*Asks:* 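Sharing a structure, written as structure tokens. Questions coming.
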Number of protein chains: 2
Amino acid sequence: MSIPAPRTRIQEKNRTTILEAGLDVFSKFGFRGSTLDQIADAAGMSKPNLLYYFASKEAIHTELLQGLLETWLDPLRDMQADGDPVTEILNYVRRKLWMARDFPRESRLFANEILQGAPRIQDDLQGDLKKLVDAKAEVIRGWSADGKIAAVDPHHLIFSIWALTQHYADFDVQVRAVLGGADPFPGAQSYLEQLFGQLLRV
Amino acid sequence: MSIPAPRTRIQEKNRTTILEAGLDVFSKFGFRGSTLDQIADAAGMSKPNLLYYFASKEAIHTELLQGLLETWLDPLRDMQADGDPVTEILNYVRRKLWMARDFPRESRLFANEILQGAPRIQDDLQGDLKKLVDAKAEVIRGWSADGKIAAVDPHHLIFSIWALTQHYADFDVQVRAVLGGADPFPGAQSYLEQLFGQLLRV
DNA sequence: TCTTGATTTGACCAACTGGTCAAACGAACG
DNA sequence: CGTTCGTTTGACCAGTTGGTCAAATCAAGA
């Protein structure tokens, strides 16, 4: 509706290149810490050329965040009420952990935005996100009521899954510093399966 | 050793005022997102006056981080090998959660620094922090070996405590958006006690 | 009161940053 | 070959920002 899809193939390609470069830079330095020159450099083109494809620095950032919000919640959306409860929840944990491992820049971009008070996505949080979480919390509450998992606060369960998985992306340098550089993800996965397995069992 | 304590009482007071203002601004906007003018405003003094007490913007930031690092880990230091294991760990969780509730700015300042790759405190992470965590991990491993708590990966246990407690400070806007503005901390505390209680019981 | 040293600030500067613009370039098509 | 239209960029600009400096103010002791 608002964005008439870019026409030519070269436009498509350059917009993608810019968004990729923007993700790289924004996730590393935050919005205010990033400069158009940095992004232009990373994208291998001149600053005015950036602004030929995007109206402003903010436009790049906004498009990244919106695109991210859309896909970031897919694993939660896929949690099915009619699946096996423990399996559904543990699968959600696993998929979120893999996203932290495979898309740490996206996680950090998001973390940066929330840390600064979510100035650009607060509406999405209070709207779509809240609706989705409330719906899934109801599903979890149902599982508890049916005695299929332990009685837990569904909202805090979801928060804890977010916190524990994103931590490995957002605090990567700290985790690796403490572990002496070792890959934290294998250990994280079995720890999280143990943690949530114990929590949920009736 | 390195810092000859400020002499006069007025210096003491002004440095404190500036650090307080710096914490306020840095925790909200990050290092690059904050300006000396903002900090001077918040401190109620002129910009050159700031720089009479601190050599640079970076000096304020560094002093905040160093002071923070010192006290931030006190709850972990206080975990005693000869206490009751579950009590010791649950007390650590509680104290960390209270810190997230009572000192969210400090938590966000730290999160900002780590997110950007910890450019100013990487040495501390790989040095003192790693040493402390390794020592406490050994204590926890001992508890597990003695059958006093379940067998868990001690490092990931500590990471999970950090992640779950700091999440309520760092992602405050998101948590409150999803909860519709309600205070998350009471619910968080009982959820976390349940979570770690289940995990640790033998 | 006068002197001295600490404190405070208005004015200023150089570097940086987001963004503009006119001109140049390139490819497809007649 | 020449026109046209999409693409690219060097040069530039105004606002911001970290930091400087000399001058002004203040407080306390002689």
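So you know, we letter chains A, B, ... as the sequences are listed, proteins then strands, and number each from 1. Keep in mind that what you see is a predicted model, and the values were worked out from it rather than measured.
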*Asks:* Would you please classify the geometry between the His156(B) ring and the Phe159(B) ring as parallel, tilted or perpendicular, with 30° and 60° separating the classes?
*Replies:* perpendicular
*Asks:* OP1 or OP2 of dT7(D) less than 4.0 angstrom from a side-chain nitrogen or oxygen of Gln11(A), does that happen here?
*Replies:* yes
*Asks:* Look at the side chain of Leu36(B) and decide which nucleotide, out of dG18(D), dG18(C), dT17(C), has an atom nearest to it.
*Replies:* dG18(D)
*Asks:* With a 4.0 Å cut-off, would you call Arg77(B) and Asp74(B) a salt bridge?
*Replies:* yes
*Asks:* Can you confirm whether more than 12 heavy atoms, excluding those of Glu70(A), are under 6.0 Å from its CD atom?
*Replies:* no
*Asks:* Collect all protein-nucleotide pairs involving nucleotides 9-11 of chain C in which both atoms are nitrogen or oxygen and the distance is under 3.5 Å.
*Replies:*
residue : atom : partner  : partner atom : Å
dT9(C)  : OP2  : Ser46(B) : N            : 3.3
dT9(C)  : OP2  : Ser46(B) : OG           : 3.2
dT9(C)  : OP2  : Asn49(B) : ND2          : 3.4

*Asks:* Respond yes when some side-chain nitrogen or oxygen of Arg32(A) is under 4.0 Å from OP1 or OP2 of dT17(D), and no when none is.
*Replies:* yes
*Asks:* Considering every strand and a 4.0 Å limit on heavy-atom distances, what is the contact class for Leu51(A): base, sugar-phosphate, or nothing?
*Replies:* base
*Asks:* Under a 3.5 Å distance rule, please check whether Trp143(B) uses its side chain to pair with a backbone N or O of Ala81(B) as donor and acceptor.
*Replies:* yes
*Asks:* What orientation do Phe110(B) and Trp72(B) show, parallel under 30°, tilted 30 to 60°, or perpendicular over 60°?
*Replies:* tilted
*Asks:* Between Lys148(B) and Glu88(B), does any NZ, NE, NH1 or NH2 come within less than 4.0 Å of an OD or OE carboxylate oxygen?
*Replies:* no
*Asks:* CG of Asp37(A) versus P of dC16(C): gap in Å, rounded?
*Replies:* 10 Å
*Asks:* Whole Å only: how far is the CD atom of Glu12(B) from the P atom of dT7(C)?
*Replies:* 12 Å
*Asks:* Quick one: Phe54(A) CZ to dG18(C) C1', roughly how many Å, whole number?
*Replies:* 16 Å
*Asks:* Under 4.0 Å between any heavy atoms, over every strand shown, what does Tyr53(B) touch: base, sugar-phosphate, or nothing? Just pick one.
*Replies:* sugar-phosphate
*Asks:* Does Phe103(A) CZ have over 12 foreign heavy atoms under 6.0 Å away?
*Replies:* no
*Asks:* Can you list every pair that meets salt bridge (Lys or Arg N to Asp or Glu O under 4.0 Å) and has a residue in residues 41-57 of chain B, with sequence neighbours left out?
*Replies:* Asp37(B)-Lys47(B)
*Asks:* Picking from dG19(D), dG19(C), dT8(C), which would you name as closest to the side chain of Lys57(B)?
*Replies:* dG19(D)
*Asks:* Within this structure, what is the CG-to-C1' distance between Asn14(A) and dG26(C), rounded to whole angstrom?
*Replies:* 14 Å
*Asks:* Glu58(A) CD to dG18(C) P: how many Å, rounded?
*Replies:* 12 Å
*Asks:* Could you check whether Gln189(A) and Glu193(A), counting side-chain N and O atoms only, form a donor-acceptor pair closer than 3.5 Å?
*Replies:* yes
*Asks:* Nearest whole angstrom, please: distance from the P of dC16(C) to the CD1 of Ile39(A).
*Replies:* 18 Å
*Asks:* Can you list, in residue-number order, the parts of residues 19-31 of chain B that come under 4.0 Å of DNA chain D, counting heavy atoms only?
*Replies:* none
*Asks:* Tell me the interatomic distance from Asp41(A), atom CG, to dC16(C), atom P, rounded to whole angstroms.
*Replies:* 14 Å
